[in-house]
Amino acid sequence: MPYNFTATEKKWQQYWLENKSFRAFDPADAGGMPKAYVLDMFPYPSGAGLHVGHPEGYTATDIVSRYLRMKGYNVLHPMGWDAFGLPAEQYAVKTNTHPAETTRKNIDTFRRQIQMLGLSYDWDREVDTTDPTYYKWTQWIFLQLFNSYFDPMQEKALPIEHLLNELQNENYVVAPDGSVHINPVQEGMDPITGDLRVERIWTELTPEERREFIDGQRLAYQAEVAVNWCPGLGTVLSNEEVIDGKSEVGGFPVERRPMRQWMLRITAYADRLIADLEPLQWPESLKEMQRNWIGRSVGAEVDFEVVPPDEDVKRVEANRGDAGDTREADEDLTISVFTTRPDTLYGATYMVLAPEHPLVDRITPTSHRETIESYRKVIAGKSDRDRVAETKEKSGVFTGAYAINPVNDEKLPIYVADYVLMGYGTGAIMAVPAHDERDFAFAKKFNLPIRQVVRGTGIQPVFSDQENKDHGQNARATVEQAFTGEGIAINSDVINDLPTAEAKDKIISILEREGTGKRTVKYKLRDWLFSRQRYWGEPFPIVLDEAGNAYDIPQSELPLTLPQIEDFKPTGAPEPPLSKAKDWLKYESTVAQQSPPLSGGLTRETNTMPQWAGSCWYYLRYIDPHNAERFVDPEKEKYWMPVDLYVGGVEHAVLHLLYARFWHKVLFDLGHVSSPEPFARLINQGLILGEMEYHTIEDEPRKVADDEIEKCGESYALKSDPSVKVKAESFKMSKSRGNVVNPDDIVRDYGADTFRLYEMYMGPLEAQKPWNTRDIIGMTRFLNGVWRNLVGDEEANKVAKIDPIAIPEPLDRQMHRAIRKVEDDVAALRFNVAIAELIKLNNEMTKLATIPRELAENFTLMLAPFAPHIAEELWERLGHTKSLARRPWPTYDPAKLVETTMELPVQVNGKLRDKISVPADADEETILTTAASTAGAKQWMEGKTIRKRLYVPKKLVNFVVG
RNA sequence: GCGGCUGUGGCGGAACUGGCAGACGCGCAAGGUUCAGGUCCUUGUGAUCGCAAGAUCGUGCAGGUUCAAUUCCUGUCAGCCGCACCA
């Protein structure tokens with residue numbers, strides 16, 4: 001009987017479920033087993049069902065999990081569902097089904113599909129982010145964030161009570177800009193504004209002022225921010241969810257508008273998020289992506305004083321409608337700029353403010369006001385996309401105002417231009433056209449002076465010294481590009497002749513001494529916009545008073561469940577769907593005594609959390625999924641964390657992985673988890689592309705089959721007409737292209753084991769590779785061959801004979817080598833090579849009339865992590881009554897890995913000319929003599945002088961002749 | 001533009017710290033088993049020349065280091081991914 005995968009796979013999947021074969025033991029029951037936490041990125045259960053990309057990562061972790069169980073590890077290998085999110089809600093809107101129902105159906109489909117692959121999850125630990133018993137703790141974690149602040153002295157999150165205490169004791173004040181002021185009485189600092197001119201201390205503040213200050217310190221805080229509002233989706237989106245001015249989901253246009261939103265203070269962790277990447281076993285490219293996203297740059301903030309306007313020109317306040325808003329001419333205004341190159345300060349020839357910069361109105365004299373206003377209007381009308389699209393052509397206008405360069409008192413014209421962004425640095429720059437490409441382009445366009453202040457080392461200077469001398473400040477560009485590299489400072493007075501790094505240091509200390517600047521670090525990373533105007537998400541455990549101040553609800557009221565509503569449609573306006581649940585909205589506390597008291601006129605927060613919330617901590621819930629008292633038991637957490645292996649797609653490089661690390665660090669700071677980083681080792685599986693497609697390169701390209709073409713030089717051409725070139729391409733699988741492969745079909749036609757083997761054999765896990773159905777047959781043949789060898793096949797007229805005989809040489813050695821090789825390869829996740837080794841061993845078995853029992857059993861055990869169903873069946877037929885899931889992995893004998901005789905290549909001048917076979921312990925001279933006497937060596941050395949005789953132990957012999 | 005990764009037969013891909021390039025699979029070819037078929041078996045399969053033994057060339061391209069380079073160095077080209085006016 002040939003191998004019947006359908007029946008066998010069903011049989012063992014049932015067996016595993018019934019016997020809970022893959023249960024992970026709690027630390028108390030583990031009996032000292034070493035632990036291994038092997039994690040997959042849990043899927044969003046979409047309506048489309050499983051994609052062939054899912055099983056790739058899942059099979060990889062499954063192989064590792066199964067292997068480690070056989071190696072005696074207590075393996076935690078769980079699966080769950082990241083089930084909140086837009087698609088379920090959009091589907092609900094369209095079909096008027098409750099998203100919970102859609103979600104439940106989708107989860108059932110996903111579970112069925114995942115179980116049919118024979119993945120060894122501990123199903124008792126399944127989690128679902130939309131289950132109130134789960135999101136109760138998502139809400140609880142949010143409250144941890146709400147009730148903590150980032151202490152800049154200790155550089156960690158602390159409970160907000162700690163800050164209150166310190167403030168009561170007047171120990172220090174944390175200003176809204178994050179700067180710390182020890183003893184605010186002495187410094188006379190206003191804790192609200194951080195302004196040192198106002199002499200007020202904490203105890204003198206009104207209760208409202210105190211609350212405002214405290215609320216401004218929380219890790220979860222409300223802010224009126226310019227958000228990415230997406231009318232198409234009826235929600236705001238995070239920066240991460242907006243691509244080229246369009247929503248990542250759906251591709252709807254996104255516009256900026258100010259709204260009250262919840263923010264999470266991830267920026268406080270920017271430094272730690274960068275520093276702690278270092279020891280992680282993550283792909284370097286991914287670490288780099290996170291670093292880029294955080295975008296840390298070190299430089300200086302420099303203050304430029306604005307030149308007071310001429311007496312007859314008055315500067316006008318922004319709101320001209322307000323009375324008495326005309327500024328006096330003698331008022332001091334300074335523009336603070338951020339630069340990473342303070343060493344080029346002497347090269348500044350003009351300044352630029354972002355169009356949205358608040359100072360623009362105050363510095364612009366009435367004479368220039370109209371021009372500025374119309375320019376701003378044009379910019380405001382442009383989408384981000386348009387602004388990006390026009391990067392090459394700079395635009396801007398002169399404000400009519402000037403500022404003074406603090407290092408040389410030069411008067412610099414101030415421009416407004418959209419190439420300076422309000423969102424980064426201070427929204428203002430000093431322009432150094434000689435050493436910045438954007439400034440250079442702008443200076444060229446507006447014919448502004450360009451002055452070189454850095455000379456490249458070993459590189460030709462962009463501007464000759466003579467050129468600078470001749471033209472001085474009035475130098476005009478005579479060359480085609482800016483020099484942005486490091487070099488030696490010139491034309492820079494006190495820092496002349498210093499290399500860039502030293503020049504930076506020196507100029508910063510001078511600025512700091514004179515009080516005109518300071519060393520600063522800036523980040524691209526923004527605080528995380530955490531609220532969404534959706535129905536299908538976690539409700540905030542927050543109530544608001546009439547003034548919009550937020551209070552947390554007591555923990556005993558968690559979970560705060562979603563109200564049942566009929567209409568999930570986004571309102572189109574910023575009011576979230578939850579605002580329609582009138583009864584739910586009104587808040588009456590269940591707790592009698594509270595501090596602060598919660599009563600009267602309170603309404604629930606109607607925003608919901610973004611999809612990322614649930615996935616920020618799910619790996620912790622798997623550890624203790626049914627705990628009703630805590631989000632995770634501390635003992636269990638300590639035992640299992642950190643995750644030893646995390647596998648998933650690279651699409652989560654900056655979103656999920658950054659957010660989860662941030663939450664984890666907060667929980668770590670507050671003492672809720674034991675490790676500063678959640679994921680010790682991380683692998684990105686490569687994308688599986690659709691099958692290779694071929695089309696002709698003609699005026700009207702047409703698709704051709706792969707057997708109609710042939711290689712022709714560097715490219716392909718039609719067999720029938722070699723003059724017609726053919727292009728080969730593979731594309732991402734997509735419905736519209738019609739190249740999606742459904743795992744259900746593959747499992748039905750070939751079986752789960754073959755499917756698993758095929759996906760693992762396609763190539764390196766991390767590589768992007770095209771699907772090729774034709775190749776699957778190789779794995780089917782392999783498994784059928786194994787079956788014939790160990791069981792037999794009546795159709796092939798073969799009955800397997802398995803006897804307890806000794807394994808003949810050299811097969812015995814090969815088996816021992818295979819055991820080691822597969823071990824090494826699995827540890828390094830080189831599954832394609834491990835499978836090749838098993839195929840080779842099986843090919844050798846095919847040649848035997850009788851299979852030695854030891855070989856049969858070891859082979860079956862080695863096959864098990866890769867093709868678990870057939871392996872279990874073979875194991876049973878070999879006479880075992882229990883699953884091999886925890887059967888010890890075969891051991892190899894190191895003595896058998898060493899060859900007794902070795903075959904060495906003999907080279908003459910580096911070219912292979914012969915081979916010799918010598919005992920492994922032969923001495924060098926014997927080997928060289930033997931090698932020299934071979935026919936191949938003689939032929940090539942005849943009549944020539946031997947210059948050198950080389951013997952690389954156990955590798956080869958090489959004679960250098962001439 | 002900046003950053004990262006990758007270039008090996010007709011295809012997917014092997015090759016540990018430099019040491020026999022092309023493991024293993026697909027495809028292809030020849031032969032066998034079979035009434036027949038192939039999800040069967042065996043053998044062969046980088047290119048060129050040669051009946052053959054064999055020789056020469058060959059890891060994107062051009063150099064370099066070395067007895068020896070897919071591997072190390074310099075330059076260059078192509079592809080993929082990420083970021084993108086980030087001061």
Side-chain angles (χ1 to χ4, degrees), chain A residues 2-3 244 283-289 291-293 295-297 299 337-341 344 352 387-388 390-392 394 417-421 423-432 435-439 441-442 522-524 650 653-654 684 686-687 692 706-707 709-711 714 716 728 749-750 754 757-758 761-764 766-772 774-785 788 793 795-798 824 830 832-833 835-840 843 846 903-912 915 947-950 952 954-961:
Chain A
Y3 174 54
D244 285 342
E284 193 47 47
S285 61
L286 195 145
K287 289 185 184 180
E288 197 56 32
M289 279 167 75
R291 285 189 209 108
N292 286 343
W293 191 264
R296 183 180 198 269
S297 44
V337 305
F338 174 70
T339 176
T340 53
R341 291 296 297 272
T344 62
V352 185
R387 276 173 79 157
V388 169
E390 294 164 9
T391 51
K392 275 167 211 142
K394 294 281 179 285
D418 71 339
Y419 83 93
V420 172
L421 310 172
Y424 185 75
T426 61
I429 61 153
M430 62 171 201
V432 185
H435 305 290
D436 181 281
E437 282 168 19
R438 296 150 300 175
D439 297 345
F442 191 84
K522 296 282 179 195
Y523 304 92
K524 279 198 273 182
V650 73
V654 281
N684 288 126
L687 197 65
M692 197 76 85
D706 65 342
D707 55 5
I709 58 164
E710 62 186 351
K711 190 107 178 191
E714 290 294 292
Y716 302 91
D749 294 347
Y750 300 92
T754 299
L757 282 170
Y758 168 66
Y761 196 68
M762 286 172 83
E766 297 183 70
Q768 187 172 116
K769 52 230 159 204
W771 179 269
N772 189 355
R774 194 176 68 184
D775 285 346
I776 299 176
I777 193 65
M779 295 301 118
T780 298
R781 285 180 192 153
F782 167 52
L783 289 185
N784 284 341
R788 265 195 308 280
D793 182 352
E795 257 178 49
N797 200 17
K798 174 158 179 174
D824 291 350
R830 288 189 305 249
N832 54 335
V833 195
I835 293 167
E837 195 65 26
L838 292 173
I839 293 173
K840 236 166 24 175
N843 288 348
T846 305
E903 193 171 64
L904 292 174
V906 177
Q907 298 184 342
V908 179
N909 284 347
K911 282 201 161 65
L912 180 69
K915 285 184 184 183
R947 294 240 177 99
K948 208 170 186 179
R949 304 193 305 164
L950 274 149
V952 185
K954 296 181 203 255
K955 293 283 187 198
L956 54 54
V957 178
N958 189 15
F959 297 106
V960 185
V961 299

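Here is how names work: the chains are called A, B, and so on, in the same order as the sequence lines, proteins then strands, and each is numbered from 1. Hydrogens, waters and symmetry mates play no part in the numbers below; they use all other heavy atoms, side chains included.
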Rounded distance (Å) that lies between atom C1' of B/G27 and atom OH of A/Tyr758: 14 Å
Is it the case that the side chain of A/Tyr758 and the backbone of A/Asn772 share a donor-acceptor pair, with hydrogens and angles ignored and the cut-off at 3.5 Å? yes
Rounded to the Å, how far apart are A/Ile839 CD1 and B/G13 C1'? 12 Å
If you only use heavy atoms from C-beta on, which nucleotide in B/G3, B/G27, B/G13 is closest to the side chain of A/Glu288? B/G3
Taking atom C1' in both B/G27 and B/G22, compute the distance separating them and give it to the nearest angstrom. 16 Å
Is there a donor-acceptor pair closer than 3.5 Å between any side-chain N or O of A/Lys948 and the backbone N or O of A/Asn958? no
Between B/A62 and B/G10 - C1' atom distance, rounded Å: 28 Å
Between B/C26, B/C41, B/A87, which nucleotide gets closest to the side-chain atoms of A/Asp775? B/C26
When rounded to whole Å, the CG to C1' distance for the pair A/Asn772 and B/C24 reads 16 Å
Whether A/Tyr761 contacts B/G25 is assessed here as follows: a side-chain N or O lying under 4.0 Å from the phosphate OP1 or OP2. Is that the case? no
Among B/A87, B/A14, B/C24, the nucleotide that comes nearest once only the side chain of A/Pro764 is considered: B/A14
Residue set satisfying side-chain hydrogen bond (donor to acceptor under 3.5 Å, both in side chains) with A/Tyr750, at least two apart, ordered chain then number -> none
Residue A/Val952, side-chain atoms from C-beta onward, closest of B/G19, B/G13, B/A87: B/G19
Shortest non-hydrogen pair, A/Gly763 vs A/Lys769, comes out as O-NZ, 4.1 Å
Quick one: side-chain contact (heavy atoms from CB on, under 4.5 Å) partners of A/Arg291, sequence neighbours excluded? A/Ile274, A/Leu277, A/Glu278, A/Glu284, A/Lys287, A/Glu288
Testing the basics here: between A/Met762 and A/Pro770, what is the closest heavy-atom pair and its distance to 0.1 Å? CE-O, 3.3 Å
So does A/Arg830 get a side-chain nitrogen or oxygen closer than 4.0 Å to the phosphate oxygens (OP1/OP2) of B/A14? no
Please report the distance separating the P of B/G9 from the corresponding atom of B/G75, rounded so that it comes out in whole Å. 26 Å
Between B/C26 and B/C41, how many Å separate the two P atoms, rounded to a whole number? 10 Å
Of B/A87, B/C85, B/G13, the nucleotide closest to the side chain of A/Lys394 is B/C85
Taking atom C1' of B/G12 as reference, at what distance in whole Å does atom CD1 of A/Ile777 sit? 16 Å
So what does A/Glu837 touch, heavy atoms closer than 4.0 Å: a base, only the sugar-phosphate, or nothing? nothing
Nearest-Å distance for atom pair CG/P, residues A/Asp439 and B/A87: 12 Å
So what does A/Asp824 hit on the nucleic acid, given a heavy-atom distance under 4.0 Å: a base, only sugar-phosphate, or nothing? nothing
Please state the P separation for the pair B/C24 and B/U43 - nearest whole angstrom. 12 Å
Rounded interatomic separation in angstrom, taking CD from A/Gln768 and P from B/G12: 13 Å
Between A/Phe442 and A/Ala417, the two heavy atoms sitting closest are CE1-CB, 3.7 Å
So does A/Asn958 reach the base of B/C67 with its side chain, donor to acceptor, closer than 3.5 Å? yes
Starting the side chain at C-beta, find the nucleotide from B/G10, B/A23, B/G25 nearest to A/Ala836. B/A23
Please give, in whole Å, the distance from B/C26 P to A/Phe782 CZ? 12 Å
Heavy-atom pair of closest approach, residues A/Pro283 and A/Asn684: CG-OD1, 3.8 Å
Let me spell it out: for each of A/Val650 and A/Ile429, pick the nucleotide of RNA chain B with the closest heavy atom. Which residue's pick is nearer the 5' end? A/Val650
Over all strands shown, is A/Ser297 touching base, sugar-phosphate only, or nothing at heavy-atom distances under 4.0 angstrom? sugar-phosphate
Assess the residue pair A/Asn784 and A/Arg788 against the criterion (side-chain contact (heavy atoms from CB on, under 4.5 Å)); give the C-alpha distance rounded to whole Å, side-chain angles, the decisive distance to 0.1 Å, and a yes or no. CA-CA 6 Å; A/Asn784 284 341; A/Arg788 265 195 308 280; 4.1 Å; yes
What integer distance in Å separates A/Lys769:NZ from B/G7:C1'? 17 Å
If you compare all heavy atoms of A/Leu956 against all heavy atoms of A/Gln907, which two are closest, and at what distance to 0.1 Å? CD2-NE2, 3.5 Å
Separation of the P atoms in B/A23 and B/U8, to the nearest angstrom: 16 Å
Out of B/U42, B/C20, B/A15, minimum distance to the side chain of A/Pro905 belongs to B/C20
Which nucleotide in the list B/U42, B/A23, B/G19 gets nearest to the side chain of A/Lys840? B/A23
Work out how far the C1' atom of B/A21 is from that of B/U59, and round it to whole angstrom. 7 Å
Taking only the side-chain heavy atoms of A/Thr339 (C-beta and beyond), determine which of B/C40, B/A87, B/G25 contains the nearest atom. B/A87
Looking for any heavy atom pair under 4.0 Å, which part of the strands does A/Thr780 touch: base, sugar-phosphate only, or nothing? base
Strictly below 4.0 Å: does A/Asn843 bring a side-chain N or O up to OP1 or OP2 of B/G25? yes
Could you give the distance separating B/C72 and B/G3 at their C1' atoms, to the nearest angstrom? 23 Å
Short side-chain N/O contact from A/Asn832 to OP1 or OP2 of B/A14, under 4.0 Å: yes
Mind telling me whether B/G9 is syn or anti, cutoff 90° either side of 0? syn
Looking only at heavy atoms, the pair that brings A/Thr426 and A/Val337 closest together is OG1-CA, 3.4 Å
If you assign each of A/Leu950 and A/Gly295 to its closest nucleotide in RNA chain B, which residue comes earlier from the 5' end? A/Leu950
So what's the dot-bracket for RNA chain B: Watson-Crick or G-U pairs under 3.5 Å, [ ] if a pair crosses, | if it pairs off-strand? (((((((..(((......[....)))((((((.......))))))((((....))))..(((((..]....))))))))))))....
Closest to the side chain of A/Arg781, out of B/C85, B/U39, B/C83, is B/U39
With a non-hydrogen cut-off below 4.0 angstrom, is A/Pro283 in contact with a base, only sugar-phosphate, or nothing? nothing
